[in-house]
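Here's the structure we're looking at; comments come further down.
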Number of protein chains: 2
Amino acid sequence: MTGLNVRKQRILHAVVTDYIQTAEPVGSRTLSRHYQLDLSAATIRNEMADLEELGFLTQPHTSAGRIPTQQGYRFYVDTLMDTASLTQQEEKYLAKFFTQLQKMQEIDEIIKHTAKVLSSLTRYTSLVLGPQLRKSAFKQMRLIPIDGERALVVLITDTGYIKNKVIQLPKALNEKELNEIVAYLNKNLSGKTITSLTSAHLRKLRHDLYARIDILEQILNLLEESSAAGENRVFIGGASNILDQPEFRDMNKIKHLLTLFEQGERLVLMLDTNVDGLSIRIGTENNLAEMNECSLITASYYLHERPVGTIGVLGPTRMEYARVTTVIKEIAGRLNRLVELL
Amino acid sequence: MTGLNVRKQRILHAVVTDYIQTAEPVGSRTLSRHYQLDLSAATIRNEMADLEELGFLTQPHTSAGRIPTQQGYRFYVDTLMDTASLTQQEEKYLAKFFTQLQKMQEIDEIIKHTAKVLSSLTRYTSLVLGPQLRKSAFKQMRLIPIDGERALVVLITDTGYIKNKVIQLPKALNEKELNEIVAYLNKNLSGKTITSLTSAHLRKLRHDLYARIDILEQILNLLEESSAAGENRVFIGGASNILDQPEFRDMNKIKHLLTLFEQGERLVLMLDTNVDGLSIRIGTENNLAEMNECSLITASYYLHERPVGTIGVLGPTRMEYARVTTVIKEIAGRLNRLVELL
DNA sequence: CTTTAGCACTCAACTTAAGAGAGTGCTAAA
DNA sequence: TTTAGCACTCTCTTAAGTTGAGTGCTAAAG
């Protein structure tokens, strides 16, 4: 089904490997010299011509070497890629880093630092999505009166994400009444995630709190609004790293990417896919015009087996897929363990 | 004292104006044609030679026009610059924007949007510093127990900044005791800013809460840590705008700036100067190597006449000082009014 | 004494041409 | 089926003109 014999696969593997390292089109001579293919340049040339016809390789111009196409990378990632492992140094660095992170109690701090370590270790740009409110379960809720007219809703969730929101209070409402509402909500929402709230639930809430429907609506609004992509808690690490990639030497490309980085909602949409576990999206697979020459590797992180957020690495399609995959898996794993503690 | 006669000033003004617009060295011919100086190119040439000797102008190479030096810009900003005014369109846009902002109760949202509008209106990069905790006064504090071991401190300040922090609880401590501590702190801290806390205050607190010194220490730590630059709530708007400036066509310069943008602490340090009101820092006046070719215009915003944060615009030294100054003043004013409402 | 026209000179930026170098496809022999 | 050889292609680099904007200096005019 692959349609590629072993020799073609070995050659494709060599081309991808070399191009990832050098960012230069790879010629038949280079391959026959530096890789143990035991073939002459001429033979490799023939095979490469085939690989081009099959759509795995392409030439920037007639008399240049070959570079992988998107399909070429896809085949590499699916079939050829060997697994990398962390260096001892990296391992040590990560261990130390996460020991320090453990002392932090605030998830946002943790996420921010995760973005940083992810970008510094991969030398690409990292995108990390904090635990989404709609995927988190309620632990408890409090209402703190600020002045006669307003109160602060504090929502504590099991993912450690703490959400504040100021709401307007109707005039005639004393603290005791407030507390009753909160007690009621705590009892009925505790342990539930937003997504698990059925319309039956909501009907019941509306019925029971009929007298205080205005406050309820404001709180439900708060939940709604945070569960939409509107709330963009994406953290970007090492944005400047993209400048090191020769494929982004063009101002326009950088401009497009940086502009994308400023559009939190679109990033959330991109990261918050339903794909569980590890995902590698190459070039146009990202469905974003700005990212046609980029690849994005993402992994979910979990709380009690439930995916609550995403970490990701963004690079050129000529990305070190093997190494990045290893790093991202390792960091997602460590982040999991950290989130369980919150 | 200025050492510049009127004619030299008019010529310098024309050079700066032209160079700000075109980013090209300005020649004597251009000046005599496009500006009403009523002088021949030759005369202007003589004057420009003088201005160069005096350090206000410089030549990129022998046979090019002149461009302003840092000293030239400084003189322009201090003495020559005429005041710009907003277009009706801009005025309208701002009014509409801030009416919408008014509905938001969270200061961080407001600040984030301010950064956005500031960059989109100036077409430069904006840097906005949220209200600093140490400059805010306490409104109230709450302790919400999370589980047996931890509690959430919620700090509500008069600048609308709401600070959350999880602290460790000593085991033997019931909710009633907690509430007593909180009540005590509320009574003693309410209305005070961190900077106003004298060591006498602290001694008294420590004495009165001797039995619960551990919790007090944690809370004081929280205050300390947020008051140091450690807490970096800088919002950057339109970072990609720097790419539009021809002076940053060089990858290295962009890289340096983007890297700087990732270092929140340094940005806070830069923005949080003691200069009150409007400040214009040109080139090396910024004391940051990365910003030797940049100018930064900042303005404080206030709550009850007390400066609590900073908004700023970053551009090349060849920046539209007049226009940006007008925009930044206008936005700072509107932000003031908004913050008063929180 | 100040201003200006004229002129020679300078230097970056653009254009063109020539070569070098890396790589290919094809052919024919092993 | 594999490989050596060779003509061919195309980018990239370098060098040499060429252009044009702008200057400084000089001498004459106001």
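The chains referred to below are lettered A, B, ... by the order of the sequence lines, with proteins before strands, and numbering in each begins at 1. Quick caveat, the model's predicted, so the values are computed rather than measured.
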Whole-Å distance, A/Leu57 CG to C/dT24 C1', equals 14 Å
For B/Glu47 and D/dG24, what is the distance between atoms CD and C1' respectively, to the nearest whole Å? 15 Å
Using a strict threshold of under 4.0 Å (side-chain N to carboxylate O), is an ion pair present between B/Asp50 and B/Lys8? yes
Nearest whole Å is fine: how far is D/dT2 P from A/Lys8 NZ? 10 Å
Got more than 12 heavy atoms from elsewhere within 6.0 Å of CZ, A/Arg266? yes
If pairing means Watson-Crick or G-U wobble with both distances under 3.5 Å, then the partner of D/dG5 is C/dC26
Should the heavy atoms of other residues, nucleotides or ligands under 6.0 Å from NZ of B/Lys255 be counted, would the total exceed 12? yes
Contact pattern, 5' to 3', of nucleotides 25-30 of chain D - B, S or - by protein heavy atom under 4.0 Å: ------
Once you round it to whole Å, what is the distance between P of D/dG22 and CG of B/Leu51? 17 Å
Checking A/Tyr321 against A/Ser295: is there a side-chain donor and acceptor pair closer than 3.5 Å? yes
Rounded to whole Å, please give me the gap between CZ in A/Arg7 and C1' in D/dT3. 12 Å
Gap between atoms CG and P, on B/Leu37 and C/dT4 respectively (whole Å): 11 Å
Please confirm whether the backbone N or O of B/Leu4 pairs with a side-chain atom of B/Gln9, one donor and one acceptor, at under 3.5 Å? yes
Nearest to side-chain heavy atoms of A/Met48, which nucleotide of C/dT4, D/dT3, C/dT24: C/dT24
Name the residue from B/Leu51, B/Leu57, B/Val26, B/Val6 that meets the side chain to side chain contact (heavy atoms under 4.5 Å, CB included) definition with B/Ile11. B/Leu51
Got a sec? Which of residues 60-69 of chain A come in under 4.0 Å of DNA chain C, heavy atoms? A/Thr62, A/Ser63, A/Ala64, A/Gly65, A/Arg66
Out of C/dA5, D/dG24, D/dT3, minimum distance to the side chain of B/Ser40 belongs to C/dA5
Contact under 4.0 Å: B/Thr43 side-chain N or O vs C/dT4 OP1/OP2: yes
Donor-acceptor pair, distance only, cut-off 3.5 Å: does the side chain of B/Thr125 make one with the backbone of B/Gly238? yes
Does C/dT15 have a Watson-Crick or wobble mate here (both distances under 3.5 Å), and if so which one? D/dA16
How close or far is atom P of C/dG21 from atom CD of A/Glu24, stated in whole angstroms? 17 Å
Just say parallel, tilted or perpendicular for the rings of B/Phe56 and B/Phe75, cut-offs at 30° and 60°. perpendicular
Starting from P on C/dG23, measure out to CD on A/Gln59 and report it in whole angstrom. 11 Å
Smallest separation among heavy atoms of A/Gln70 and A/Ile282, with atom names: NE2-O, 3.2 Å
